[in-house]
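Naming: A, B, ... by sequence-line order, numbering from 1 per chain.
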2 protein chains.
Amino acid sequence: MAERAGQKARESGGRTAGLDFPRPLTTVDVVIFTIRNDALHVLLVQRGAGDNEPFPGAFALPGGFVDIARDRDLEACALRKLKEKTGVVSPYLEQLGSWGSAARDPRFWSATHAYFALLPASIADRALAADAQWFPLVGERVKPKLAFDHDEILAAAVQRLRNKVEYTSLPAYLMAEEFTLPELQRTYEIVLGRPLEKSAFRTRMLSADLIEPIAKMRKGPNRPAQLYRLKAAKEPVYFARTFNPPE
Amino acid sequence: MAERAGQKARESGGRTAGLDFPRPLTTVDVVIFTIRNDALHVLLVQRGAGDNEPFPGAFALPGGFVDIARDRDLEACALRKLKEKTGVVSPYLEQLGSWGSAARDPRFWSATHAYFALLPASIADRALAADAQWFPLVGERVKPKLAFDHDEILAAAVQRLRNKVEYTSLPAYLMAEEFTLPELQRTYEIVLGRPLEKSAFRTRMLSADLIEPIAKMRKGPNRPAQLYRLKAAKEPVYFARTFNPPE
DNA sequence: ATACTTAGTTGTACTGTCGAACTTACTTAG
DNA sequence: CTAAGTAAGTTCGACAGTACAACTAAGTAT
């Protein structure tokens, strides 16, 4: 329907200011994070070796062209790609930014809308697509050289994540349904790459209206720990201060 | 060059996965803020009354189609549109996000890349385009109903600005070359919509490596005030705490 | 029983904001 | 010339939250 309108306008050949412009390619890419083995990981897919595709065989962020017939909007497109690769349907998903230039795709002027998602490791391990694979992060990069400008996008995603972790509750979305405070703190420390003060962390997390204790306790080889879960609100909490800065 | 490659691929009619997808319209819009008469203002342009254009006569954010022949990348496109409307060539410019859906433009599936810019009032008043006009902000809106989903984009820009003002030095980019600390504080207060503590504001601004005093003083009807200017670094400063929160 | 480990608490020092009162420098009214 | 007014800038005590370290608690392993 909307397409027909566009076709008509284009076929009419009139100076309809804009519909006549050559259109950039429009894609969506998703940077999907999770924590495995005490390290931040990102999901990459290996590209096919077809001759018409750029960067054959290279690794890339999950993503691809917007399908105007199936994708109601950009976020729906991101969710579709995320579901195709991981099976996950309701992750924490946030828009990261957009990258568009004449140079980033050898085929044509192209613009990508980048999202980033946080998944609990427990969910992330189920039902990965055949061409998808988790890679640990080395600093802000990943070992293989990525296709397009995906190295740059990944670096921006990591930076954004680290930045927001300083003053928000984002790491809570990397946790399983039930978790203990020390586990949450460890997640913060993994993402930030530096240790945090135990008591300050506790008082902050407990005074924030973010988590609630549940009746159960986590038993282990040592003293049992109180289990918590996220409160109903899905929105992240913003703290008034950053954590003890590295100096 | 890049265009030719695209044309070829399309003409070949091969299943080149992606180049065959119908492409969304790609635009860039810029939310340009300044402060006039102790109030936050945004720049709007009035759309022409041509029959082929949607929302004829309505006000909209400055923006339009990406011109792949002239725009090296998205930011260059935003800078071009900003210069066309204001003459300003080196503002504070930050990407805001992107909005894309089948519904936002009645003509076709379209995606816009939104930026927001901060201009000092002194610069902003020079050389406005004929169809451009400053509008004061009422909350997160503006009086006229805007074209497309620009009301939503504007609201997001205001929210982002207010948010970042809590813990960054962004308002410094709304100041003239030379300014006093009380003037800077007033700018913060205008953007935030609430008063700030004088002494805390001073110690924070002075201990941040952001501004430097210059030899001159601003004379007025009362005690003269020390003049400051932004330090060389163009990047905004992030504070470790937010300002006294409203509750 | 004893040592070890991790969860969680307590207490002191310190930093920066809050809030108000104060000093300083200039203008204007009488 | 003096007194009142105004805005710039400083000072000070109260307070909140963090830093750091020492402590208690509850389990396992030997």
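- With respect to B/Glu94 and B/Arg160, a salt bridge is recorded, a charged nitrogen being found less than 4.0 Å from a carboxylate O.
- Straight-line distance from the CE atom of A/Met205 to the C1' atom of C/dT9: 18 Å, rounded to whole Å.
- Close to C/dG16, at under 4.0 Å from its OP1 or OP2, lies no side-chain N or O of B/Arg204.
- At whole-Å resolution of the value, NZ in A/Lys216 and P in C/dA7 are 18 Å apart.
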Inset, instruction - Let me have a per-nucleotide readout for nucleotides 6-13 of chain D, 5' to 3', with B, S or -, counting only protein heavy atoms under 4.0 Å. - result: BSBBBB--

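- Residue pairs that meet the ring-ring contact (aromatic ring centres under 6.0 Å, His included) test with at least one member in residues 120-147 of chain A, sequence neighbours left out, are A/Phe59-A/Phe135.
- Both distances falling under 3.5 Å, in either a Watson-Crick or a G-U wobble arrangement, place C/dC4 opposite D/dG27.
- Look at CD on B/Gln185: it is 13 Å from C1' on C/dT17, rounded to the nearest Å.
- Residues passing the side-chain hydrogen bond (donor to acceptor under 3.5 Å, both in side chains) test with A/Gln133: none are found, sequence neighbours excluded.
- Salt bridge B/Arg162/B/Glu166: absent, no basic N to carboxylate O contact under 4.0 Å.
- Between B/Leu61 and B/Phe148, the closest side-chain pair of non-hydrogen atoms is not below 4.5 Å.
- To the nearest angstrom, C1' of C/dA13 lies 13 Å from CD of A/Glu197.
- Using a cut-off of 4.0 Å between Lys/Arg side-chain N and Asp/Glu carboxylate O, A/Arg186 and A/Asp38 are scored as not salt-bridged.
- With rounding to whole Å, B/Leu196 atom CG is found 18 Å from C/dG16 atom P.
- Of the candidates C/dG16, D/dG17, C/dG19, the closest approach to any side-chain atom of B/Arg241 belongs to C/dG16.
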